[in-house]
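Predicted model, so just to flag it, every value in this text is computed and none were measured. To find a chain, count down the sequence lines: A is the first, B the second, and so on, and within it residues start at 1.
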Amino acid sequence: MSADRKVVRAVDPSQIAKHFDPADVQARFNERWEEEGTYAYDPSASREDSFVIDTPPPTVSGSLHIGHVFSYTQTDVVARYQRMRGKNVYYPMGWDDNGLPTERRVQNYYHVRCDPGTPYEGGLALEAATAKQRKGPARLVSRKNFIELCEVLTEIDEQAFLDLWQKVGLSVDWTQEYRTIGDRARTLAQHSFLDLWRKGRVYTQFAPTMWDVDFQTAVAQAEVQDRELPGAYHHLEFGVEGGDESFVIATTRPELLPACVGVTAHPEDERYEHLFGRNAVTPLFFAPVPIFPSELADPEKGSGILMVCTFGDATDVLWWRDEGLAMRQVLGRAGRLMPVRFDADGSEGFQSLQPDKANAFYEQIQGKRVKQAQAAIVELLADPAGSATGSRPPLCREIEPIQHPVKFYEQGDTPLEYLPTRQWFARLLDVKDEMLAKGEEIQWHPPFMHARYRDWTENLSLDWSISRQRYSGVAIPVWYPLDAEGERDYENPIVATEEQLPVDPTSDTPPGYDESQRNQPGGFAAETDIFDTWFTSSLSPQIGSHWVLDPERHAKLFPADVRPQAHEIIRTWAFYTIAKALLHENQIPWKHVLVSGWVLDPDRKKMSKSKGNTVTPVPLVEKHNADSTRYWAASARLGVDTAFDEGVFKIGKRLVTKIFNAGKFVLSQQGPAAPVSSELDRAFVASLRELAAQATRDFDDFNYAHVLQNTETFFWTHFTDTYLELAKPRARRFVDGECDGEDEALACGSAIAALRLGLDVLLRMFAPTLPYITEEVWSWVFAEEKGQPTIHRAPWPSEADFAEIPAPENPASFDLAVAAFTAINKCKADHEVSMGREVERLVLCANPATLAAAGPVLADVFAATRCREHRLHEDAALEDGVFEAREPSFAPKPPKR
RNA sequence: GGGCGUGUAGCUCAGUUGGCUAGAGCAUCUCGUUUACACCGAGAGGGUCCGCGGUUCGAGUCCGUGCACGCCCACCA
């Protein structure tokens, strides 16, 4: 070897820990990454050079779930890839800490209820309620105290999430943290409202709305879900005014009988045709109500004729509106039957042909909740005195149990009711077509998720109800003028000015008024409602970009590149975010939606607290390590639900250990610095190059799982099990003192260079998924050698890594070497000798073409298998590329030292 | 009731545009251990690719149909 040849810088393996210690490595690098701002967004970079992520702000009041780790890690893998591609990655974290879920958690945690009538108590600090306290009535606290409790608890909850994110190594830029209850989010949500108001996109209306009687608030169509519940048909006999006819209706809600305002059947139903235009008489309350035909009545269902109430369901609302029926509201906002009076002329809304009897009956159900009222009215219906036709009891047939879908607020426990209330709405029905067009412009991953959005949008039937009668949230920036009688003028609300934002109408004064005029006739009154929490979170891209607060920044961050999210909230979060971007700026909010799948329990059932099959993430991440956990998450493709399998964590752990050991071996090889020149090395590099190209294509399509799988397979089968073993003897020649000639030096140097290139490229390909082990191995040599202190800012492998290296003479060289290597290993296994055992001699057989083609790499094979003497034998019967090792004789087992 | 997805080895999953003599890991069995790694290595066994029908020279892959499971949605009589 010539004297001027440089020797590669190698690590001393004794300086490296015997085993990989994840806890130490995680702590060390988390600190360093934060110090060095490894993941910081650079606001000066151009839009084209940036990659913008609209991170889902987790609902902090929800419990930590293994699904969080799963989906957020998947996004992080994409973020890390883009960063290595040289993109300036904007990767923020927001906390969704306003809205009903927060309130519900506060109510449960402290066992309190908000009561706006209770006076404020300064310095109120509560502990989590004890089991004993929970048995008693909830403590009433003022609105202000309640909101303060929300603040305190969400901060605790946010810390738990933050800890988890750091435990799994999310490469979030923590300087870009936001809260949906924070000032910026408030300002922008209120600005959104102002903009929509100016554009005529929001309006207020008194109308029947879906109402949760426990939370006592309106809810939107998107937050409603059906639950299959047992119910029962009750068959009630109705009379007909001015005759002795009767008919029987079937109802599942007999308690709404006093609210009956009409009766309907299908127009072509011969049984009831003759009744249209006449009045029916209700049992118990003797209310005369019109009988009208409707296409919506199904002759097959129940008895084919049914009662219309204010309001039993959405169809009742339609009939009530279309037929101009009376309003007889019996159900109050708290879900109890309100006091009402029946009289002969209906002057108070409740007409009855026999008011005394009607009132007597009603008194028995008044004040009861829906379920109790139902039980009570069933008893009353057995009383012949309540009959509208004669002396038979009006409940005329056995109660028939059924299972039927009932609407619930998705966070609620009691069925929803339709109550007439005043609400704010955003007009979405008239932009359906534009919404659908925007959906086409967005790339959905996987593509079938687009159908979820399209179906929901096409079937939208109500405008978006954006007001909530709650406390923790962003205030609707509106006041109402009061007339001389002190009545609110809802037609002419006073909307806040941009300069006032963020504004709280309950303490701030509307423009042109004086605080002394609050709640005075001729003065003003505050809107006390808050926004639906989605009204704020649908602005997450704009909250990140600062929107109107910083137009220059907004231009660089909006629209975002990707929105990662779960599929069950396509109809809410994705849908509303698209709506906002459309209505405000006629834009799409992001170019790609990445829809993650779910983690199912091992029996492929959805995990839920009630089933007790949830997995708590923190102990799991601690038991395995961050990289293994990330390996598990990144193994699942987008949109695919995965059964939870702890075995996958173990495989990840094994991979991490292997990377550690392979890295230690490769980087401790000392030898001449030389280019990759030997045929086997060139063939190995050629396959590595192909792997990298494929991985880049996959990653550009967000197919991180494919990249991981292919890289892992390559690492194991092409690198550690084969190439590393085949190149090992040659790489060691220098240390073994067998590198005297120039050719030997070049061959040794070639092996070391190719091993290092293999490790270097594979580390970078693993880096997005396994940030800790790759950073650790990177830090031993590459960080200094390449002048890049962190692998997470190193360039993603590209053609540039391979440009200097000549293509192999024969592209099949690598596979041929492996085939020969495998044949000799199999021979050793068949003879039950160790892989390391020396072979005195053997005969390697293959067909003539194969043998000839493998010529240039066989020396490495014989060296790796420790064959001292060998003979090649042409056997034309063997297929191309197949080797067999025959007639071996093995050296004696060396004595144990 | 409508829409979408899934169904491949005992388990968890890959299988691009139809070329498969169907793969990987785990688990099982056999063998092997001084020098990167027992958190290891070599080898073996294991499958009517959910059923049925069709298109094709050829189907795990495309079409039709049925079944099972899951999810989303739907007008509570």
A9(B) and G23(B), which share atom name P, separated by this distance in whole Å: 14 Å
Whole-Å distance separating the CG atom of D698(A) from the C1' atom of A14(B): 12 Å
Six-ring centre of W716(A), K658(A) cation under 6.0 angstrom, axis tolerance 45°: yes
Gap between atom OH of Y418(A) and atom OG1 of T310(A) - 0.5 Å precision: 14.0 Å
Residues forming a ring pair (Phe, Tyr, Trp, His ring centres under 6.0 Å) with Y233(A), sequence neighbours excluded: none
Within residues 312-321 of chain A, residues whose heavy atoms come under 4.0 Å of RNA chain B: G312(A), D313(A), T315(A)
Annotated protein contacts, base or backbone, on nucleotides 36-46 of chain B with a non-hydrogen cut-off under 4.0 Å, one of B, S, - each: BB-BSSSS---
Find every protein N or O atom lying less than 3.5 Å from an N or O atom of nucleotides 1-5 of chain B, and list the pairs.
{"residue": "G3(B)", "atom": "O2'", "partner": "D455(A)", "partner atom": "OD2", "Å": "3.0"}

Whole-Å P distance, A27(B) and C72(B): 35 Å
Length of the CZ-C1' vector between R837(A) and U35(B), whole Å: 18 Å
Value in whole Å for how far the P atom of A74(B) lies from CZ of F408(A): 15 Å
Base paired to U56(B) (Watson-Crick or G-U; both N/O distances under 3.5 angstrom): none
Point-to-point distance, once rounded to the nearest 0.5 Å, from CG of L416(A) to CG of D313(A): 12.5 Å
Nucleotide-resolved protein contact map, nucleotides 19-24 of chain B, B/S/- at heavy-atom distance under 4.0 Å: --B---
Of all pairs that satisfy salt bridge (charged side-chain N to carboxylate O under 4.0 Å, His left out), the ones with a partner from residues 628-637 of chain A, not counting sequence neighbours: D76(A)-R630(A)
Aromatic ring pairing F715(A)/F766(A), orientation class (parallel under 30°, perpendicular over 60°, tilted between): perpendicular
Closest listed nucleotide, where the reference is the side chain of R637(A) and the choices are C73(B), C72(B), G15(B): G15(B)
Interatomic distance at P, A36(B) relative to G19(B), whole Å: 42 Å
Distance, nearest 0.5 Å, that separates CE of M210(A) from CG of L419(A): 12.0 Å
Pairing partner of U33(B) (Watson-Crick or G-U wobble, both distances under 3.5 Å): none
Rounded C1' spacing from A38(B) to U33(B) in Å: 8 Å
Separation of U12(B) P from D641(A) CG (nearest whole Å): 14 Å
Nearest-nucleotide comparison on RNA chain B, the residue closer to the 5′ end among H831(A) and G647(A): G647(A)
E712(A) CD - U12(B) C1' separation (whole Å): 13 Å
Rounded P spacing from G51(B) to A22(B) in Å: 16 Å
Sugar-phosphate, base or nothing in reach of I651(A), heavy atoms under 4.0 Å: sugar-phosphate
Base-pairing mate for G51(B) - Watson-Crick or G-U, with both contacts under 3.5 Å: U65(B)
Euclidean distance, atom CG of residue L600(A) to atom P of G70(B) [Å, nearest integer]: 10 Å
Donor-acceptor side-chain pairing of H624(A) and E646(A) below 3.5 angstrom: yes
Sugar-phosphate, base or nothing in reach of I402(A), heavy atoms under 4.0 Å: sugar-phosphate
Interatomic distance where CD belongs to E568(A) and P belongs to C72(B) [whole Å]: 7 Å
Interatomic distance where CD belongs to E690(A) and C1' belongs to U16(B) [whole Å]: 14 Å
Touch class at under 4.0 angstrom, heavy-atom based, for F660(A) against every strand present: nothing
Side chain to side chain contact (heavy atoms under 4.5 Å, CB included) involving K728(A) - partner list, sequence neighbours excluded: F665(A), L724(A), E725(A), R732(A)
Pairs touching residues 699-724 of chain A that satisfy salt bridge (charged side-chain N to carboxylate O under 4.0 Å, His left out), sequence neighbours left out: R85(A)-D700(A)
Sugar-phosphate, base or nothing in reach of L416(A), heavy atoms under 4.0 Å: base
K407(A) vs Q225(A) side-chain heavy atoms within contact, under 4.5 Å: no
Ring pair (Phe, Tyr, Trp, His ring centres under 6.0 Å) involving F883(A) - partner list, sequence neighbours excluded: none
Pair assignment for C11(B), Watson-Crick or G-U wobble, requiring both distances under 3.5 Å: G25(B)
Ring pair (Phe, Tyr, Trp, His ring centres under 6.0 Å) involving H567(A) - partner list, sequence neighbours excluded: W598(A)
Residues forming a side chain to side chain donor-acceptor pair (under 3.5 Å) with R654(A), sequence neighbours excluded: none
Between G5(B) and G43(B) - P atom distance, rounded Å: 41 Å
Atom pair CG/CD of L381(A) and E237(A) - distance to nearest 0.5 Å: 11.5 Å
From C76(B), C13(B), U33(B), nucleotide with atom closest to T642(A) side chain: C13(B)
Under 3.5 Å on both distances, the Watson-Crick or G-U partner of C39(B): none
Atom pairs and distances, side-chain donor-acceptor, residues 11-20 of chain A, under 3.5 Å, sequence neighbours left out:
{"residue": "D12(A)", "atom": "OD1", "partner": "S14(A)", "partner atom": "N", "Å": "2.9"}
{"residue": "D12(A)", "atom": "OD1", "partner": "S14(A)", "partner atom": "OG", "Å": "2.8"}
{"residue": "D12(A)", "atom": "OD2", "partner": "S14(A)", "partner atom": "OG", "Å": "3.0"}

U61(B) and G46(B), which share atom name C1', separated by this distance in whole Å: 24 Å
Between G18(B) and C63(B) - P atom distance, rounded Å: 11 Å
